[in-house]
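The structure under discussion appears below in the form of structure tokens.
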Amino acid sequence: MKYDHVKIEKKWQKEWAKNNIYKTGSNQKKPKHYVLDMFPYPSGQGLHVGHPKGYIGTDIYSRYKRMNGFNVLHPMGWDAFGLPAENYAIKNKVHPEVAVKKNIKRYKEQLSILGFDYDWEREINTTDPEYYRWTQWIFLQLLKKGLAYESYEPINWCPSCQTGLANEDLEDGKCERCKSVVEKKPMRQWVLKITDYADRLLKDLDNLDWPESVKESQRNWIGRSEGAELEFSIKDREEKIRVFTTRPDTLFGATYVVLAPENPLIESLKEDIPNWKEVKKYLDKAKAASDIDRSAEGREKTGVCLEGVAAINPANQEELPIYVADYVLGSYGTGAVMAVPAHDERDYEFADAFDLPLKTVIQPLIVKTAGDDAVQPGKALEERSAVVCIVKHWSEDKYLCSRWKKNDWKGFVIGGIEQGEDIGQAGIREIQEETGYQDVGFLTGVTTVHSQFYHAVKKVNRFAHFQAAFFQLKNGKRKETAEEERELHDVVWLTAEEVENFLNREDMKLIWQAFRGNLLYEGNGILANSGAFSGQDSESAKQAITKAVSGKRVTKYKLREWVFSRQRYWGEPIPVIHCPHCGVVPVPEKDLPVTLPKVKSYAPTGTGESPLAAIKKWVNTTCPTCKGKAERETNTMPQWAGSSWYYLRYIDPKNKKALIDPKKEKYWQPVDVYVGGTEHATRHLIYARFWHKFLYDIKAVGTKEPFKLLKNQGLISGPDGRKMSKSLGNVVNPDDIVERFGADTFRLYEMFLGPFEQGNLWSTDNIVGSRRFIEKVWRLAEKVDSKKKADEPELEALVHKTIKKVSDDIERFSFNTAVSGLMILGNEFEKAESISRVNFGIFLQLLAPYAPHITEELWRWLGNKKSIHLEAWPRYSPAKAADSLVTVIVQVGGKVRGSIRVNSDSEEETVARKAQEAPEIGKWLEGQTVKKTVYVKNRLINFVV
RNA sequence: GCCGGAGUGGCGGAAUUGGUAUACGCGCACGACUCAAAAUCGUGUGUCGCAAGGCAUGAGGGUUCGAGUCCCUCCUCCGGCACCA
């Protein structure tokens, strides 16, 4: 009989649908497993071969869980509101509703030929009024709690999509959809207060079993930083400047203050600013520039001094100039900073450009935590002050460097400062003793660096206070040095460039940098020039100084509020009514859903109003409160609204009374496995977590986090290594592949390509390997001997090892290695005379999640009446998997010299004797004495000689 | 710049806990079957070497009886954030 994939696959897909074998179980006594795919956005292009990868993964996983006795929820649906569908509709001159229907139909067809186990009775669609009724309901709850509000702040406006956008919708300051540079536009908009949840969104990441990269992206996005707000008063004025800083310990080093161009304080100081014209010009320019201009302009710092006004440093009452500069953002912190050029790179650059002074108040503290000279815990730190001598040659442009002989230190001449000495005296003495040079002149001190490390020669933890100083030799006059000095180090003359590469200690590198004129240091350290706080370390000084100047400790986030309104047609109407008497009135819950009116013209207006505003019949309504004339809100929700809670609706998709039945929610939540692409790391996955936490707070759900385990499938690129896209012409259509090779082969191949979470290249040439395997399985069926009770012991053992391997591999999403295990078993079956029915059945069951059609066909052919997909997963028997004979590797001196076969669980002595007797081993042991024998049971024996 | 992930044959990749590096597959070579071809099956396939044996997991060092795996220094690639004070 020939293997006809077309016939077999069609037949079983029909049969499964007819018998509804993948219907979600409802017996709540059974354990549950909720396996979820990120639902697709049905575009006009249809699916390419890259799309199903994640779906195949969840299909295998959910089939495996079902066979293991779980109630499995594995649903599918459509995310269909938003710009892509609307733009497609405008371009193709069809109504978005029609286009979406058509696209969904196409997607569903493409998915169905792959034989997935979705429970289609639970299909949802975000554009269905019965669905978005509850999206609107959630909005009303947010409104009730004050987490949704109207705002007039300037927002990001995409001139091409003609709508406002959220921060998350930008990529490098451009619209993520169309790559247009966005503008700042002041307009009325709805905003969700996601920042109220910033802290919880951040903290709860720690307990999620998610890819580290996604968690890290979210941490970056939320961008928590702890710091302080400090007040600088303005000389001869009432106003104060509030600045936010994470480094209050550097307050004494502030040499100027900068206001963001957006800071309203500037306007109020107007009459005191003689150069107002210049200032105003700068402000206008900054306002006109987009964010991308502000950061792109070669990053050169620009700004203008507010002449005539001065800020007072609250720490020491010093008068500081005030600047306006666009490197300070109006939308973060307080829109004002204290500038500490010695300890902040941006301030350093600005001070450099504007010739502002620099004041060092932090002396670096280097603590070695790794390597041979890492501070050893438990040992006391021994403090010592030392002079570090940078010595210049008497005639050449070279510096004297020192290389320690007993440890790997490369640095300068260093020595302790003895009592009564100043650094000049100490340095001169050290240079004479250590190098023999006699005529040394002290020029100047350079910097101080504190350093904690383990001194490997002296065997102590050292806390060194390195005071660097600059010396120059007057001539080359030199005396012989003492022998113990020569044993300790060599000295060499190096050019400045050579010194740079020579130094291998961070503390010495910092000293050299300072000597070369780079006084910027951004790390923590020990305070200097800071009045009473000098000598304290940064960490404690942060609190002490904040307290001393009556500052406030605060936490700030990069995360911005979620701009939630779009001036477009194709979205959920925001369910509020604007009444001239009552203001903003929520639509009563009983009136939901507020349905999107059917219109002829849905193109964006570009005026900042949604196209809905033109539909007077829809807009005009009565106020639910005063019953007077009122108007509907015409903005719609962003694309991300519907997807922020869809995973809940699958649990109870037809509930008319509530978003979800609490009993069902309790049983099915959370999602056990969630699979999708990395592109959703900071949008969908933050929004959904935010809404979920909100729903938790209003007791609509019982879990704090929606998705327990997250897996990102890697992208399948085109054969050319580029992302598949129609415009590049490298799209491979899955329908064609399935027609030629069959869905089973296609599924198997996509899983065999490589690790699930890694990207791969599609190659239609390589798929033959998977096809050959499937055909091999087909042929193997003919070798089944129903009378045979068992196969030979090694094959029996392999069958059971494979049960374990495939099970473990599916559990950890290592689908490629499971396929490899099945191939190995298939190859062994092929070598055997015949195969017992039991073992071939096990093989089919293990393969069933990957290749559901062929395994079903052969399973029935073996005489089984029930679908293979409803059978119990094969049970692994460790006893059957155990080999009676094992191969033990024999090593001599750590090198593999052969192997022996021994009874499993043999004693070390038996194995050692047998190994030594083997001829190919014996020759390596001849004339050697075995010092030690290392035996790893059933694996390896190593004779150390 | 900061953070995260990775680097293994001609190619995709395996090695789950420190224990035979290169499983499985593709490709390639040779052979069987065939009038022939395709398909299928078999054998071989890291590298140097006739061989014995040596050398190989981005580079260099270290720990260990033993390192792709652990530690240190560095290089390259991919991803996230980036004037966020």
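Below, chains carry the letters A, B, ... as their sequence lines are ordered, and counting in each starts from 1.
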Please report the distance, rounded to the nearest Å, between CD1 in Ile774(A) and P in G25(B). 14 Å
Upstream residue (5' side of RNA chain B) when Arg812(A) and Gly893(A) are each assigned their closest nucleotide: Arg812(A)
Using atom C1' in both nucleotides, what's the gap between G42(B) and C48(B) to the nearest angstrom? 29 Å
Return the nucleotide paired to G31(B): Watson-Crick means purine N1 to pyrimidine N3 with N6-O4 or O6-N4, wobble means G-U with N1-O2 and O6-N3, both under 3.5 Å. C41(B)
In Watson-Crick or G-U wobble terms, both distances under 3.5 Å, what is the partner of A82(B)? none
When the nearest nucleotide of RNA chain B is assigned to Asn827(A) and to Glu830(A) on a heavy-atom basis, which residue is associated with the more 5' position? Asn827(A)
Name the orientation class of the two ring planes belonging to His800(A) and Tyr876(A) (parallel below 30°, tilted from 30 to 60°, perpendicular beyond 60°). tilted
Check this for me: does the side-chain of Asn942(A) come within 3.5 Å of the base of C65(B) through a donor and an acceptor? yes
To the nearest angstrom, the OH-C1' distance between Tyr327(A) and C83(B) comes to 9 Å
In whole Å, what is the span from the CZ atom of Arg772(A) to the P atom of C26(B)? 5 Å
Quote, to the nearest angstrom, the C1' distance that separates C35(B) from C28(B). 27 Å
Using a cut-off of strictly less than 4.0 Å, decide whether Ser225(A) has a side-chain nitrogen or oxygen near OP1 or OP2 of A85(B). yes
Is the charged tip of Lys301(A) near the ring of Phe350(A): under 6.0 Å from the six-membered ring centre and within 45° of its axis? no
Can you tell me how far NZ of Lys552(A) sits from CZ of Phe244(A), rounded to the nearest 0.5 angstrom? 11.0 Å
Within the pair Gln891(A) and G19(B), is there a side-chain N or O less than 4.0 Å away from OP1 or OP2? no
What do you reckon, is CD of Glu153(A) surrounded by more than 12 foreign heavy atoms closer than 6.0 Å? no
For Asn816(A) and A14(B), is the shortest distance between a side-chain N/O and OP1 or OP2 below 4.0 Å? yes
Can you find a donor-acceptor N/O pair under 3.5 angstrom joining the side chain of Lys895(A) to the base of U20(B)? no
Searching all strands shown, indicate the nucleotide that pairs with G12(B) (Watson-Crick or G-U wobble; both distances under 3.5 Å). C24(B)
Using a cut-off of 4.0 Å on non-hydrogen atoms, how would the nucleic acid contact of Leu753(A) be classed: base, sugar-phosphate, or nothing? sugar-phosphate
Using atom C1' in both nucleotides, what's the gap between C77(B) and A59(B) to the nearest angstrom? 15 Å
Which base, if any, makes a Watson-Crick or G-U wobble pair with C55(B), both distances under 3.5 Å? G46(B)
Could you tell me which nucleotide pairs with A6(B) by Watson-Crick or G-U wobble geometry, both distances under 3.5 Å, or answer none if nothing does? U76(B)
Quick one, Leu358(A) and Thr255(A) - any side-chain contact, counting heavy atoms below 4.5 Å? no
To the nearest angstrom, the NZ-P distance between Lys2(A) and U40(B) comes to 12 Å
Under 4.0 Å, heavy atoms only, any strand: does Arg224(A) hit a base, just the sugar-phosphate, or nothing? nothing
Do the rings of Trp762(A) and Phe746(A) sit parallel, tilted or perpendicular, given the 30° and 60° boundaries? tilted
Confirm from the modelled atom types if Lys301(A) and C83(B) form a donor-acceptor pair under 3.5 Å, side chain to base only. yes
Here the distance between atom P of C83(B) and atom CD of Glu522(A), to the nearest Å, is 14 Å
Between C1' on A85(B) and CD1 on Ile241(A), what's the gap in Å once rounded to a whole number? 15 Å
Residue-phosphate contact under 4.0 Å: Arg779(A) side-chain N/O, C41(B) OP1/OP2: yes
